[in-house]
Amino acid sequence: MSFPLLTATAALPAIGAVATAAVPAARRTAAKWLALLFSLATAVLAAIVVVRFEPGGARYQLTESHAWIADFGVRYELGVDGIGVALLALTALLVPFVILAGWHDADPLEEAAPNRRWRPTQGFFALILMVEAMVILSFEATDVFLFYVLFEAMLIPMYFLIGGFGDRAHAGGDEAAATQRSYAAVKFLLYNLVGGLIMLAAVIGLYVVAGSFSLAEIAEARASGSLTMATNTERLLFLGFFFAFAVKAPLWPLHTWLPNAMGEATAPVAVLITAVVDKVGTFAMLRFCLQLFPEASKWATPVILVLALVSIVYGALLAVGQRDMKRLIAYASISHFGFIIMGIFAMTSQGQSGATLYMVNHGISTAALMLVAGFLISRRGSRLIADYGGVQKVAPVLAGTFLIGGLATLSLPGLSPFVSEFLVLVGTFSRYPVIGIIATFGIVLAALYVLVLYQRTMTGAVKDEVRAMPDLRVRELVVVTPLIALLLFLGVYPKPLTQIVNPAVEHTMSDVQQTDPQPEVEAAR
């Protein structure tokens with residue numbers, strides 16, 4: 001039996017979570033280092049997965065299949081395509097930086113008498129590793145029921161990370177902060193649970209129709225003609241899956257949980273939400289919606305494109321008007337997820353390649369911007385933009401890294417998100433020109449909210465409250481520098497990503513029986 005590499009990649013952080021939680025209460029520093037070592041080891045295994053993956057090979061590689069709940073036809077089936085590999089690598093890459101950035105976020109406050117039996121630091125890092133394990137496994141699952149279990153289970157550790165380890169920089173004091181954290185955590189849980197319950201009904205319906213939960217078996221049955229779905233049945237099942245993924249994504253008007261969750265969570269946990277967990281929703285649209293329900297996907301495309309367009313413009317407009325730094329980044333992410341969903345349902349190879357690249361590049365750029373914003377907030381103790389000014393004069397390195405993260409967010413040419421956004425817009429315009437033209441206003445608004453944010457916080461007269469602000473420390477530089485290097489490298493040379501992603505996109509285009517529109521000049525010839 002070959003080594004179960006995919007299982008090991010997900011099992012290692014899960015084992016790390018248990019080991020970290022078991023560290024004695026007085027050994028907080030040891031727990032931190034243990035969590036970091038397990039996350040780095042997971043990154044090494046993810047790198048091996050990337051190296052062993054053959055872009056021109058079979059659609060799903062490094063596959064594993066074992067009986068799980070035999071009476072119901074549920075199997076433990078894993079396999080990765082190019083899209084899954086890219087997102088698996090993103091997750092394994094970001095989690096060590098999340099752990100480093102949150103090194104002191106769960107330390108007990110000096111004035112609080114610590115309960116020796118309660119280990120908040122160990123719990124914080126154990127929950128992060130548990131989320132990593134579930135997200136990685138969800139990118140690998142090729143059994144629909146297994147994916148559903150992971151899709152729902154990851155909500156539990158995220159709920160505790162938001163509600164139990166919230167941002168300490170809250171204007172209303174400890175009591176108001178606790179209330180807001182609780183509200184944000186419950187709202188996150190309820191929204192996603194409702195989506196998951198609707199998806200469960202669709203999963204059961206799929207099994208009734210197809211007699212299997214296996215993606216490979218369902219695809220083979222469709223290809224052979226032994227499985228056909230009535231039009232209305234396929235559309236209802238599609239809507240059940242898509243609704244859950246749209247909540248997770250988050251797509252307007254199902255997005256309202258995200259600004260609360262990101263605003264009340266610590267900056268590293270906010271990165272975990274939008275750069276890692278939310279990508280499961282957009283990934284699932286490609287893997288499950290388009291592959292299982294191709295005709296229904298094409299039927300729903302016009303409405304989904306309109307919703308994505310609203311997300312782009314609406315999210316950007318609300319970002320412009322924000323006074324809270326973290327909520328601004330949250331609304332910017334809603335706008336970016338609109339671009340990703342628009343690229344997926346443009347039904348062109350450029351659009352879907354751009355959407356997949358956008359998932360990766362948005363994860364890196366948002367991590368860079370949010371983590372630097374978290375370092376800034378921890379120094380000043382406030383999330384309000386108006387409480388800052390002149391930071392670049394007292395902390396130039398912090399201001400410079402903040403600027404690069406912001407420029408990546410607005411997709412400046414030369415930084416990796418530009419490649420993704422360009423491909424999404426080209427792919428959309430070639431089939432839906434009006435949608436593509438209106439979506440470009442999202443770029444203009446992004447430049448507005450990013451540059452205004454930088455101007456109000458970093459330039460101008462130095463405020464007394466920031467005059468003694470220290471610049472980035474060594475640990476913080478270790479977090480930010482690799483992310484900025486990746487933004488620059490992939491902005492100039494995106495080929496390592498595109499050569500992995502493009503073959504998987506071709507398979508998806510084949511599933512929905514779509515080809516790229518022929519250029520007008522070529523058609524005229």
Side-chain angles (χ1 to χ4, degrees), residues 81 83 138 141-148 150-152 191-223 225-255 278-311 337-338 340-348 351-352 355-356 431-432 435 504-505 507-514:
D81 59 0
I83 299 169
S138 69
T142 56
D143 183 277
V144 178
F145 189 84
L146 173 62
F147 174 83
Y148 168 76
L150 298 165
F151 187 84
E152 290 289 83
Y191 266 68
N192 285 274
L193 276 178
V194 170
L197 289 173
I198 293 174
M199 180 184 169
L200 176 60
V203 168
I204 296 171
L206 177 66
Y207 181 75
V208 172
V209 172
S212 174
F213 291 115
S214 170
L215 277 178
E217 292 180 4
I218 295 173
E220 184 179 350
R222 274 189 171 277
S226 59
L227 172 61
T228 57
M229 293 187 192
T231 300
N232 290 336
T233 300
E234 181 174 343
R235 291 176 179 179
L236 287 173
L237 294 177
F238 168 85
L239 291 174
F241 278 82
F242 180 79
F243 182 85
F245 303 152
V247 172
K248 184 86 77 179
L251 179 66
W252 182 91
L254 305 171
H255 67 285
D278 287 355
K279 297 302 188 303
V280 175
T282 47
F283 163 79
M285 292 178 188
L286 282 165
R287 172 166 283 191
F288 297 101
C289 287
L290 269 61
Q291 186 174 344
L292 293 173
F293 316 109
E295 294 303 321
S297 298
K298 290 186 283 188
W299 162 75
T301 287
V303 175
I304 294 173
L305 287 178
V306 171
L307 294 177
L309 186 60
V310 173
S311 289
F337 274 102
I340 294 171
I341 295 170
M342 186 176 74
I344 291 172
F345 284 91
M347 300 295 181
T348 60
Q352 292 186 359
T356 305
R431 194 180 293 278
Y432 302 99
I435 296 288
V505 168
H507 285 296
T508 305
M509 290 287 290
S510 176
D511 290 334
V512 293
Q513 299 179 350
Q514 292 278 30

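In what follows, every heavy atom counts, from backbone to side chain, and hydrogens, waters and symmetry copies are set aside. The first residue in the sequence is number 1, and the count goes up from there.
Applying the salt bridge (charged side-chain N to carboxylate O under 4.0 Å, His left out) criterion to Glu152, with sequence neighbours excluded, gives no partner residue. Considering only residues two or more places apart in sequence or on other chains, Phe243 meets the ring pair (Phe, Tyr, Trp, His ring centres under 6.0 Å) condition with none of them. Contacts of Glu295 classified as salt bridge (charged side-chain N to carboxylate O under 4.0 Å, His left out), with partners at least two apart in sequence or in another chain: Lys298. For Asp81, the salt bridge (charged side-chain N to carboxylate O under 4.0 Å, His left out) partners are Arg287, not counting sequence neighbours. When the ring pair (Phe, Tyr, Trp, His ring centres under 6.0 Å) test is applied to Phe151, the partners found at least two apart in sequence or on another chain are Phe147, Phe245. Every residue two or more places apart in sequence or in another chain was checked for a ring pair (Phe, Tyr, Trp, His ring centres under 6.0 Å) with Tyr432, and none qualifies.
The closest side-chain heavy-atom distance from Ile340 to Met285 is not below 4.5 Å. Contact check for Glu220 versus Ser214: no side-chain heavy atoms found under the 4.5 Å cut-off. When side chains are defined from C-beta on, Trp299 does not count as touching Thr231, because their heavy atoms never get closer than 4.5 Å. Side chains of Glu234 and Pro294 form a contact here, defined as non-hydrogen atoms less than 4.5 Å apart. Between Thr356 and Ile83, some side-chain heavy-atom pair lies under the 4.5 Å cut-off. Between Leu292 and Val144, the closest side-chain pair of non-hydrogen atoms falls below 4.5 Å. Taking 4.5 Å as the limit, some side-chain heavy atom of Ile218 sits within range of a side-chain heavy atom of Leu206.
To the nearest 0.5 Å, atom CG of residue Leu305 and atom CD1 of residue Ile435 are 5.5 Å apart. Atoms CE and CD, from Met509 and Gln352 in turn, are 6.0 Å apart once rounded to the nearest 0.5 Å. Taking CG of Leu307 as the reference point, atom CG of Leu251 lies at 5.0 Å (rounded to 0.5 Å). For the atom pair CG of Leu309 and CD1 of Ile304, the computed distance is 13.5 Å after rounding to the nearest 0.5 Å. Rounded to the nearest 0.5 Å, atoms OG1 (Thr142) and CZ (Phe288) are 8.0 Å apart. Note that CE of Met229 is 6.0 Å distant from CG of Leu237, once rounded to the nearest 0.5 Å.
Scanning all heavy atoms of the two residues, the minimum distance from Ala244 to Gly195 falls at CB-O, 3.1 Å. The minimum heavy-atom distance linking Val247 with Tyr191 is given by the pair CG1-O, 3.6 Å. Taking each heavy atom of Gly196 and Tyr148 in turn, the nearest pair found is O-CE1, 3.2 Å. Across all non-hydrogen atoms, the minimal contact from Asp278 to Ala249 is CB-O, 3.7 Å. For the residue pair Ser212 and Glu217, the shortest heavy atom distance occurs at OG-OE1, 2.7 Å. Between Lys248 and Gly281, the closest heavy-atom pair is CG-N, 3.8 Å.
In this structure, Phe145 and Phe213 have tilted ring planes: the angle between them lies in the 30° to 60° band.
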